[in-house]
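Heads up: the structure comes next, in structure tokens.
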Amino acid sequence: MKKPWKYYLITLIVILIDQSSKLWVYFNMDMGPNGAIKLIGNWFKIYYTLNPGMAFGIQFGFKYDKLLLTLGRIVATGMIGRYIWQLLQEQQIPKLLVWGWALILGGAIGNAIDSIFYAVMLGNAPHNAPISWFYGQVIDMIYIDVLTAQLPTWIPFIGSNYICLFPIFNIADLAI
């Protein structure tokens with residue numbers, strides 16, 4: 001069996017970097033464009049925003065959707081942690097595969113921490129959350145603006161709207 005501590009250590013490092021960056025943003029920045037910190041022009045910036053759902057802000061659209069999502073995150077992190085352990089039992093497993101799963105586990109735990117605790121610890125639950133626990137919004141802050149444009153007015157339903165390509169994400173998302 002390969003030594004598991006080094007793989008779980010990378011998971012822990014991802015969690016610590018993710019959580020410390022999110023808490024730094026929470027305590028030191030204003031939300032939205034007024035608080036943005038430009039690192040490379042308008043192209044790459046630190047931009048504090050909250051994500052109430054999952055990737056790209058997608059939500060299921062019913063009262064207990066976030067609770068279901070958060071419970072799913074908890075189950076998934078347990079399964080990934082066990083899978084890493086099982087991989088380490090194999091004799092000829094590629095190290096890169098285990099490193100990849102360790103990064104994914106760290107990212108999954110990082111975002112699960114936000115969902116489980118931030119509504120209570122930071123008071124960031126959406127206004128319509130039925131309970132506080134498990135309804136925390138994930139803090140996102142890394143913004144790479146690949147394209148920002150206004151759609152032509154002749155496009156039905158969405159004409160004149162602004163689009164921007166590339167979501168705002170965090171360290172946990174990056175690890176995943």
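Residue numbers start at 1 and run along the sequence shown.
- Applying the ring-ring contact (aromatic ring centres under 6.0 Å, His included) test to every pair with at least one member in residues 89-128, sequence neighbours left out, gives these pairs: Tyr7-Trp99, Tyr83-Trp101, Phe117-Trp133.
- Under the 4.5 Å side-chain criterion, counting only non-hydrogen atoms from C-beta, Phe169 is not in contact with Ile176.
- Linking Ile, Leu, Val, Met, Phe, Trp and Tyr whenever their side-chain heavy atoms come within less than 4.5 Å leaves Met79 and Leu69 in two separate clusters.
- Side chains of Tyr135 and Thr70 form no contact here, defined as non-hydrogen atoms less than 4.5 Å apart.
- Applying the salt bridge (charged side-chain N to carboxylate O under 4.0 Å, His left out) test to every pair with at least one member in residues 151-175, sequence neighbours left out, gives no pairs at all.
- Sequence neighbours left out, the pairs with a member in residues 113-128 that pass salt bridge (charged side-chain N to carboxylate O under 4.0 Å, His left out) are Lys22-Asp114.
- One distance of note links NZ of Lys66 with CZ of Arg73; it measures 5.0 Å at 0.5 Å rounding.
- Taking 4.5 Å as the limit, some side-chain heavy atom of Asn170 sits within range of a side-chain heavy atom of Asn111.
- Interatomic distance, Ile37 CD1 to Lys45 NZ, rounded to the nearest 0.5 Å: 12.0 Å.
- The hydrophobic clustering, which links ILVMFWY residues whose side-chain heavy atoms are closer than 4.5 Å, places Ile46 and Ile40 together.
- Of the inter-residue distances, the one linking Thr49 atom OG1 with Ile139 atom CD1 reads 10.0 Å to the nearest 0.5 angstrom.
- Between Ile74 and Ile116 there is a side-chain heavy-atom pair separated by less than 4.5 Å.
- Atoms CD1 and CD1, from Ile171 and Ile15 in turn, are 13.5 Å apart once rounded to the nearest 0.5 Å.
- Between Met29 and Trp24, the closest side-chain pair of non-hydrogen atoms falls below 4.5 Å.
- Val138 belongs to no multi-residue hydrophobic cluster, having no ILVMFWY side-chain contact under 4.5 Å with any other such residue.
- A chain of hydrophobic side-chain contacts below 4.5 Å, direct or via other Ile, Leu, Val, Met, Phe, Trp or Tyr residues, connects Trp5 to Ile104.
- Contact check for Leu67 versus Leu71: side-chain heavy atoms found under the 4.5 Å cut-off.
- The number of heavy atoms from other shown groups lying within 6.0 Å of CD1 (Ile155) is above 12.
- Taking Ile, Leu, Val, Met, Phe, Trp and Tyr as members and joining any whose side-chain heavy atoms lie under 4.5 Å apart, directly or through other members, the hydrophobic cluster of Ile168 also contains Tyr47, Tyr143.
- Among residues two or more places apart in sequence or in another chain, the ring-ring contact (aromatic ring centres under 6.0 Å, His included) test is passed with Tyr48 by none.
- Looking only at distances, no side-chain donor or acceptor of Gln137 sits under 3.5 Å from a matching main-chain atom of Ala119.
- In this structure, Thr11 contributes its side chain and Ala102 its backbone to a donor-acceptor pair below 3.5 Å.
- For Ser160 against Thr153, the heavy-atom pair with the smallest separation is OG-CG2, 2.9 Å.
- Phe27 and Val120 end up in the same hydrophobic cluster when Ile, Leu, Val, Met, Phe, Trp and Tyr side chains are linked at under 4.5 Å.
- Expressed to the nearest 0.5 Å, how far CE of Met121 lies from CG of Leu23 amounts to 6.5 Å.
- In terms of hydrophobic clustering, with Ile, Leu, Val, Met, Phe, Trp and Tyr side chains grouped at heavy-atom distances under 4.5 Å, Leu96 and Leu87 are assigned to different clusters.
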Checklist line | CA sep, side-chain torsions, deciding dist, call: Leu105, Tyr8, side-chain contact (heavy atoms from CB on, under 4.5 Å) | finding: CA-CA 9 Å; Leu105 180 61; Tyr8 291 116; 4.2 Å; yes

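- Nearest heavy atom pair, residue Asn124 against residue Gly136, reads OD1-CA, 3.4 Å.
- In this structure, the separation between CG on Asp18 and CD1 on Ile13 is 13.5 Å, given to the nearest 0.5 Å.
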